[in-house]
S.K.: 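Here's a structure for you.
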Amino acid sequence: MRIDGGEEVSAAPEHLVFAYYITGHGFGHATRVVEVVRHLILAGHDVHVVTGAPAFVFTSAIDSPRLFIRKVLLDCGAVQADALTVDRLASLKMYSETAVIPRDSILATEVEWLNSIKADLVVSDVVPVACRAAADAGIRSVCVTNFSWDFIYAEYVMAAGHHHRSIVWQIAEDYSHLPAFRDVIDVPLVVRRLHKSRKEVREELGIGEDVKLVIFNFGGQPAGWKLKQEYLPDGWLCLVCGASETQELPPNFIKLEKNSYTPDFIAASDCMLGKIGYGTVSEALAYKLPFVFVRRDYFNEEPFLRNMLEHHQGGVEMIRRDLLTGRWAPYLLRAVSLQPCYDEPINGGEVAAKILQDTAVGKNYASSKLSGARRLRDAIVLGFQLQRAPGRDADIPEWYAVAETELGLRTASPKSLSDEDNFLAKLCTEEFELLHGSHHRLPDTLSFLNSLAELDTEHHPDKNIEKRKMREFKAAAGLFNWEEEIFVTRAPGRLDVMGGIADYSGSLVLQMPIREACHVAVQRIQPSKQKLWKHAQARKLSNGRESTPVLQIVSYGSELSNRGPTFDMDLTDFMDGDQPIPYEKAKVYFAKDPSQKWAAYVAGTILVLMTELGVRFNDSISLLVSSAVPEGKGVSSSASVEVASMSAIAAAHGLNISPRDLALLCQKVENHIVGAPCGVMDQMTSACGETDKLLAMICQPAEVLGHVNIPSHVRFWGIDSGIRHSIGGADYGSVRVGTFMGRKIVTSMASAPLSRMLSSEKPPQQANGNYDECEDNVELLEAEASLDYLCNLSPHRYEAAYAKKIPEDLLGETFLEQYVNHDDSVTVIDPKRTYGVLASTRHPIYENFRVKAFKALLTAEVSNEQLLALGELMYQCHYSYDACGLGSDGTDRLVKLVQEMQNSKLSKAENGTLFGAKITGGGSGGSVCVIGKNCVRSSEQILEIKQRYKAATGYKPFIFEGSSPGAGKFGYLKIRRRLPTNES
């Protein structure tokens, strides 16, 4: 819990008036405010609570004439479809309707009200507009919170598109009004006091001490869930919070009254089952109650609270699928075996009240070590980018940095070999018997193999004591049978040099496999010999199918991206009778739990192999994923996972699949199971790429022309903007729809004169009395009427025949009425949405031409003119992305910094070093690709751009440089553990 604020002012009277604003998000904020307000009232002050929460939340704990409740909702928090699912688009829309559109009237009303009650201090938890209203009223303000809404909403913007980003910055601007957020003061946990003892509560309920009791606490929103008697272990009872009056419960479930005082029932229970929030976590820790939690999706505060629970040995994570299907017993039994060890103070309400009182009378708690704007900037950057790669330096908790740097969960990126690498190579030879393949002396592969050996805690009980405390390590340590063979594969990410989103329009693309890669280790094992996690074992026994093959996956780095670290399923779930389930059914299956949706990229490869190649999996599969390809940077982190996973599974099952065919299969995973409408260039580069070469490919659908050597005087860099990119986002998908609309319009326009000619009808005369000059070219019109790929239309034909006739934008409903469909199997037209058509159609036609020119120039004579022309083509591509609506503030800033560097007097005096830059991949954030001379001065300028970007935004970009082999060139390793001689 933090208190942000405070500024030295003149003394106020001893009797003070506080205006306490509470966010409209759930009960948790209101319940923790209760304890602060109670202590302020005990000190003799008046507190006016501004809230949308029910009055009983306050009146059940405070009975005082000094408490005033004003029912007003000034923000909406996160709109939840149910207790675990956040509706990101609805949240942004509701916030706009609640706090943005009526903003002027809200400010006027609040300023008048604050002056009318003669408030001495405005306190916010954590309503943004309250800070601005306090500033306008000339009243000091303080925020009492463990997060801010700009931090939370930053992730929602990734789904909504860049046009919603102004909401985040408006919230930040409200918070930035001094003295709010001038400083950060840590206080103990804020915990509601108990009214009754454990014994008293149990006696009132008629429950003996020998009965195990779990409290079901999902924030008052479980009304739609069907609870069944068999969900609980034998002899257990469950207290249900927030059940509706009409909800019927089994006999072993007890419905609590709506206005029940929850802390008393929490303390009387043996464990809690619920979702993570500040209130539930603080009370579970305070009363040493084991907490079985289910992850919420899209809530950035959760990783920090989850880590706190686990640090104090008080948390057990339940998979959402098991919650909804009633497989609770393994988790509850595990929970009651824990001994939570939180022994720190829990009087945060009292401490916070004292600080607020002192602040109101003029005591200065602020310092100048961080400006309000700087602190906010760091918070927003962290919100945009929760998962982080080594090198980031935003202000984050120590445990967060430790997880990525000291514990070594992310594999290193391959650089030049060092003494340490030579040591690792020798160590790997000692640890594993290499039965097939080569590690190619790649440092990241050597590091991965070393981390794999560390999982064998049975034969090395004294190693890695710290790592063993981490859930990922614990889960991975039980994955493999060390006496059996393990298959290891590697697939890199990619830097989009030229081509980008034109891939799905059939363009030529030029792609470079980057140094960062994903490693996957797979073991195929008989079901009877597989070591199963307890909940998977319980599921298997309950189904009565002990021979059922099970897939178990561990993904390293989960805590850095707020996703579940493990996934498991019965492989029979992929079968419907004797046939694989449809892709759409699998898509729904994985989408049920957003914290485990990542597993679609891995497990989806199995279903594609079953469906497309007729493979059947009778053995269990244990799989470990460790990726150094940062997520959301536009460098194909998803493709590298898919390619590495399918390569490993194929190798373990003796499947001989060419790199090209494997890439096409992996595209099906992303298009049909994940549901992202990407082209194929990402998977092709990851599978078919070669070190220090550009993969040249015509995406019709995936014809590799070869590999273009990067000239020795040329170098490419990738610079990460820090703004998360997602090809599943709204912008990318809408541009793709607009592109396919444009193709359909072109083919329809070409079909009309062709039909007239073939039916011997005369075409209509134009205004000048002439017939269309191309009416007599039947062959040309036939090609354009049956245009499979938009990139097969040349720029001059586009300008001559179609450019002036294509609408700038078009309502989906209007398009469907005229053209029926847009002939794209991976996107769906929203009838109520307006799509940009003109720019989306023009881009791939001209991009294909630019890429061809770029490829030809790479082999031209070495000169500054060559580099200037290459750079100019990249700049044109960048601004064409912007025209489509796929730009972002961060990538535009980086491109501008490259231009400033290129046009500086010093650079011109040196005949230039950097020559061009462009946004990459799907756009809307991610990284930019920069071209320059392969020299020391260019590298220095890249580092200077990095520092200047950090100074302007607070975010220190990650630099991608160097290259590595694709999965096809790497092949696969087949290894077996060398066991100690006395045990072999």
S.K.: Within the 3.5 Å criterion, strictly below it, is a donor on Thr685 or Gln511 matched to an acceptor on the partner's side chain?
M.R.: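 Note: Thr685 and Gln511 side chains miss the donor-acceptor criterion.
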S.K.: When the ring centroid of Tyr601 is compared with that of Phe567, is the distance short of 6.0 Å?
M.R.: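 Aromatic pair excluded; centres sit 6.0 Å or further apart.
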S.K.: Please find the pair of heavy atoms, one from Val680 and one from Ala702, that lie closest to each other, and give the distance.
M.R.: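 So the minimum-distance heavy-atom pair works out to CG1-CB, 4.0 Å.
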S.K.: Give me the ring orientation class for Phe218 and Phe216: parallel if the planes are under 30° apart, tilted from 30 to 60°, perpendicular past 60°.
M.R.: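 It falls in the tilted class, 30° to 60°.
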S.K.: With a 3.5 Å distance limit and no angle check, can you tell me whether Asn671 reaches the backbone of Cys678 through a side-chain donor-acceptor pair?
M.R.: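 Yes; judged by distance alone, with no hydrogens or angles, the pair exists.
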S.K.: If I compare all heavy atoms of Tyr231 with all of Thr325, which pair ends up nearest, and what's the gap?
M.R.: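 Minimum heavy-atom contact is CE1-O, 4.0 Å.
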S.K.: Under the ring pair (Phe, Tyr, Trp, His ring centres under 6.0 Å) definition, can you give me all pairs with a residue in residues 649-683, not counting sequence neighbours?
M.R.: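 For residues 649-683: Tyr583-His672, Phe617-His653.
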S.K.: Validate the cation-pi geometry between Arg977 and Phe432: distance from NZ or CZ to the six-membered ring centre under 6.0 Å, angle to the ring axis within 45°.
M.R.: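 Geometry flag: set, cation within 6.0 Å and 45°.
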S.K.: Taking Gly493's backbone N and O only, do any of them form a donor-acceptor pair with Glu516's side chain (distance below 3.5 Å, no angle check)?
M.R.: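 Pair absent, no side-chain N/O of Glu516 close to backbone of Gly493.
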S.K.: Taking NZ, NE, NH1 and NH2 as the nitrogens, is one of them in Asp568 or Arg321 under 4.0 Å from a carboxylate oxygen of the other?
M.R.: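 Yes, Asp568 and Arg321 are salt-bridged.
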S.K.: Using modelled atom types only, decide if a donor and an acceptor are shared between the side chain of Arg320 and the backbone of Val294 within a distance under 3.5 Å.
M.R.: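 Here the side-chain-to-backbone pair does not exist.
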S.K.: Does any pair with a residue in residues 599-621 pass salt bridge (charged side-chain N to carboxylate O under 4.0 Å, His left out), and if so which ones, sequence neighbours excluded?
M.R.: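 Every salt bridge (charged side-chain N to carboxylate O under 4.0 Å, His left out) pair that includes a residue of residues 599-621, provided the two are not neighbours, is Arg524-Asp619.
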S.K.: For Glu230, give me all partners under side-chain contact (heavy atoms from CB on, under 4.5 Å), at least two apart in sequence or on another chain.
M.R.: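 Once residues adjacent in sequence are excluded, the partners of Glu230 under the side-chain contact (heavy atoms from CB on, under 4.5 Å) criterion are Lys228.
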S.K.: Salt bridge between Arg976 and Glu433, side-chain N to carboxylate O under 4.0 Å?
M.R.: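 Salt bridge flag = yes for Glu433 with Arg976.
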